[in-house]
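Each residue takes its place number in the sequence, starting with 1.
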Amino acid sequence: MLVLKVIAMHVLKAKPRLLRENFFALIRPHLKGFGSAMSASGQLISVHPEELTFEFELEKPSFCNLKVVNNTEHHVAFKVKTTSPRKYFVRPNTSVVQPWDSCTITVTLQAQKEYPPDMQCKDKFLLQSTKVAPVADVDELPPETFNKEGDKVIEELKLKVIYKALVQSGTGNLDESGMSSASRNLRQGSDGISGLDNSSAQEMQALQHLRAERDATIQQNQQLQREVETLKRRRAHKGEAGFSLIFMAFVGLFGLMMGLVLKYILSSPPTA
């Protein structure tokens, strides 16, 4: 079953929709048992990790990535909600995952001006998912996709938020009472050696953090570009509709004027 799943994921990424449908028609009998097991578990999608962890630092944004995996042979739409929408930036917050495929969600914690009490966070996230018809664009989803109506199945997964304070090593106070000068010198020497190791470790952590910020920024830019293209398409459609209405109004006004002129000409008495 694992081999079939891997083959399905490669075909989904490399082949067009028609070939995908034919492929699943061929392997569907073999995936029947696997799909039944997934249906029995009641999970359309799975999320990794199951909680959002942010490295909290004052006046600096923090990022966390979630991987959403479609466990079924159907198209599954998901939507992310949070109790603090002004505090977090989620992209994409709504999307459609193809069968056996996955999607990465980037959650950005906006820069904060103060630490939360005891570094405890009460914010919550809710991820809703449901089966949908095969669609190519999120804008094609009906507005009532995530409404709980009738026998529609809307699965919900709650995610909690965890804040982790960045560990910053610094030089401690070595002038303790009762410490001899020899002990202080020995402590300073060992601290100097460990300081070099700590600086190297800090540089590696800073480099990894910068790489994570770069990747998150690239993903956000790509998502914003897709949104801008969507807005351009919508404005183009609206512009075409507006032009048609203006043209019809102009034709109607021109016809009305011509009718008045003809009426005036026909009603005027003939000259001698």
Hey, is [atom1] on [X] packed in by over 12 heavy atoms from elsewhere, all under 6.0 Å?
X    : atom1 : result
D118 : CG    : no
K67  : NZ    : no
E114 : CD    : no
Q128 : CD    : yes

With a 4.5 Å cut-off on side-chain heavy atoms, are [Y] and [X] touching?
X    : Y    : value
E227 : R91  : yes
E155 : T130 : no
R214 : I218 : yes
F78  : T94  : no

With a 4.0 Å cut-off on N to O distance, would you call K148 and E156 a salt bridge? yes
Salt bridge present between K152 and E144 (N-O < 4.0 angstrom):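 Looking at E144 together with K152, the answer is no, because their closest N to O distance does not fall below 4.0 Å.
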With no hydrogens and no angle check, do the side chains of [X] and [Y] hold a donor and an acceptor under 3.5 Å apart?
X    : Y    : result
T108 : Q220 : yes
N65  : T106 : yes
T145 : N147 : no

[X] and [Y]: which non-hydrogen atoms are nearest, and at how many Å?
X    : Y    : value
L141 : V132 : CD2-CG1, 4.1 Å
S84  : D123 : OG-OD1, 2.9 Å
K158 : L126 : CG-CD1, 3.9 Å
N71  : W100 : O-CZ3, 3.2 Å
F63  : A216 : CD2-CB, 3.5 Å
I105 : P92  : CG2-O, 3.8 Å

Path from [X] to [Y] over hydrophobic side-chain contacts below 4.5 Å:
X    : Y    : answer
L109 : M119 : yes
V161 : F56  : yes
V90  : L66  : yes
L52  : F89  : no
V153 : V47  : no

Test your reading of the model: is there a side-chain donor-acceptor pair from Q98 to the backbone of H75, 3.5 Å cut-off? no
Output yes when a side-chain donor or acceptor of N70 lies under 3.5 Å from a complementary backbone atom of V97, and no otherwise. yes
Tell me whether the rings of F54 and Y88 are parallel (<30°), tilted (30 to 60°) or perpendicular (>60°).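 Judged by the thresholds at 30° and 60°, the geometry between F54 and Y88 is tilted.
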